[in-house]
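Quick notes on the structure that follows.
Computed over heavy atoms, backbone and side chain alike; hydrogens, waters and symmetry mates excluded.
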Amino acid sequence: MQSLKGMLTEEEELAFMNILFSSSATIRAGNFGLSRREVEKLLRISEGDKKFDSFLQRVNQAVSRFFQVIYDEKRDQVVVMMRVPARAARSTLSKESLAILLFMFYQQEVLQHEFTLFDQLLHAFGHETTKANQRLLLNIDQLRKIGALEEYDTNSPEKAYQITAIGVHMFSDSFLRRMVEFSQSNQLNKEEVLKFFKRYNLYQEGTES
């Protein structure tokens, strides 16, 4: 954190700490991160000011070993994601929760569906098993608690869920590539995989996730 002082103004330090604070599951359950407008207000800059992008870039340069600050334009959500070893990540979510999140990620990020119905998840993950509803809701609750998804109002009795900025960015580019290669039993070009997953706009030449 000491490296922040040499790269950020006091206002920018405060803005980062507010984003970090608001990204905590224990602090803002169900309302993670800040909107761009809230961050711009903390930075005392006007809407559309390039200083917002400069701020994100410099923060990420300073804390990249431990954190990544993400602005999801589609969801208007600025959040801080913590980098953790794969072993530690396995204890955060069950295999079932991870599979549900990946299914929703594919539906909403690749197929561009606005939301995923509970019945679709039930059909895909256990309509033939006992207590399927209960098990599915338990796993969905796990994902909601860490801010990876939220309920979506469809103006109907049907339950639906929408993936959040946190949920989208939980899958690294390298994870997506390995997953597709495993399913296809074939080594694939990283850029093509990222393009398939709508990650081409995030892909930077010469970088690895």
Next on the checklist: When you compare the side chain of Q68 with that of V80, does any pair of heavy atoms fall below 4.5 Å?
Outcome noted: no

Checklist entry - Have E38 and S35 got a donor and an acceptor in their side chains that come within less than 3.5 Å? => result yes

Item to check | Nearest heavy-atom neighbours spanning L34 and S22 | outcome: CG-OG, 3.5 Å

Checklist entry - From Y152 OH over to N155 CG, what is the distance, rounded to the nearest 0.5 angstrom? => result 8.5 Å

Next on the checklist: Measuring from atom CD1 of I19 to atom CD1 of I70, what distance do you get when rounded to the nearest 0.5 angstrom?
Outcome noted: 11.5 Å

Next on the checklist: Between F67 and V59, is there a side-chain heavy-atom distance shorter than 4.5 Å?
Outcome noted: no

Item to check | Value rounded to 0.5 Å, distance of CD1 in I166 from CD in Q77 | outcome: 6.0 Å

Checklist entry - Are the side chains of M104 and H113 in touch, meaning some heavy atoms are under 4.5 Å apart? => result no

Checklist entry - Is E12 paired with R44 through a side-chain N to carboxylate O contact shorter than 4.0 Å? => result no

Next on the checklist: Side chains of E150 and T164: any donor to acceptor distance under 3.5 Å?
Outcome noted: no

Checklist outcome for this item: Note: G147 and F32 closest approach over all heavy atoms is CA-CE1, 3.0 Å

Next on the checklist: When you compare the side chain of L117 with that of F115, does any pair of heavy atoms fall below 4.5 Å?
Outcome noted: yes

Next on the checklist: Could you go through R75 and E114, starting from their C-alpha distance and side-chain angles, then the distance that decides it, and tell me whether this counts as salt bridge (Lys or Arg N to Asp or Glu O under 4.0 Å)?
Outcome noted: CA-CA 12 Å; R75 298 163 182 83; E114 193 171 350; over 6 Å; no

Next on the checklist: Are F16 and F66 connected into the same hydrophobic cluster when the rule is that any two of I, L, V, M, F, W, Y join if their side-chain heavy atoms are below 4.5 Å apart?
Outcome noted: yes

Next on the checklist: Quick check for you: to the nearest 0.5 Å, what is the distance between L136 atom CG and I140 atom CD1?
Outcome noted: 4.0 Å

Checklist entry - Taking atom OH of Y161 and atom CG of L149, what is their separation to the nearest 0.5 Å? => result 8.0 Å

Item to check | Least distance between heavy atoms, T154 atom then A160 atom | outcome: CG2-CB, 3.5 Å

Next on the checklist: Show, in sequence, the C-alpha distance, side-chain angles and deciding distance for Q107 and F103, and conclude whether the side-chain contact (heavy atoms from CB on, under 4.5 Å) test is met.
Outcome noted: CA-CA 6 Å; Q107 272 209 331; F103 179 85; 3.9 Å; yes

Checklist entry - Are more than 12 heavy atoms from other residues, nucleotides or ligands located less than 6.0 Å from atom NZ of K95? => result no

Item to check | K51 with E40: basic N within carboxylate O range, under 4.0 Å | outcome: no

Checklist entry - Got a donor-acceptor contact below 3.5 angstrom from the D141 side chain to the L137 backbone? => result no

Checklist entry - Is the closest side-chain heavy-atom distance between M170 and M81 below 4.5 Å? => result yes

Item to check | Intermediate values then yes/no, side-chain contact (heavy atoms from CB on, under 4.5 Å), V39 and F55 | outcome: CA-CA 10 Å; V39 175; F55 163 71; 4.1 Å; yes

Checklist entry - Yes or no on side-chain contact (heavy atoms from CB on, under 4.5 Å) for Q162 and E151, after CA distance, side-chain angles and deciding distance? => result CA-CA 6 Å; Q162 189 174 55; E151 282 197 39; over 6 Å; no

Item to check | Which atom of S94 lies closest to which atom of N139, heavy atoms considered | outcome: OG-OD1, 2.8 Å

Checklist entry - Is the shortest heavy-atom distance from the side chain of H169 to the side chain of V79 under 4.5 Å? => result no

Next on the checklist: Can you see whether D76 engages Y71 through a side-chain donor-acceptor pair at a distance of less than 3.5 angstrom?
Outcome noted: yes

Checklist entry - Within a strict 4.5 Å, meaning less than it, do heavy atoms of the Q108 and T116 side chains meet? => result yes

Checklist entry - CD1/I45 to CZ/R36 distance, rounded to the nearest 0.5 angstrom? => result 7.0 Å

Checklist outcome for this item: Scanning both residues in full, the closest heavy-atom pair of I163 with E109 reads CG2-OE2, 4.4 Å

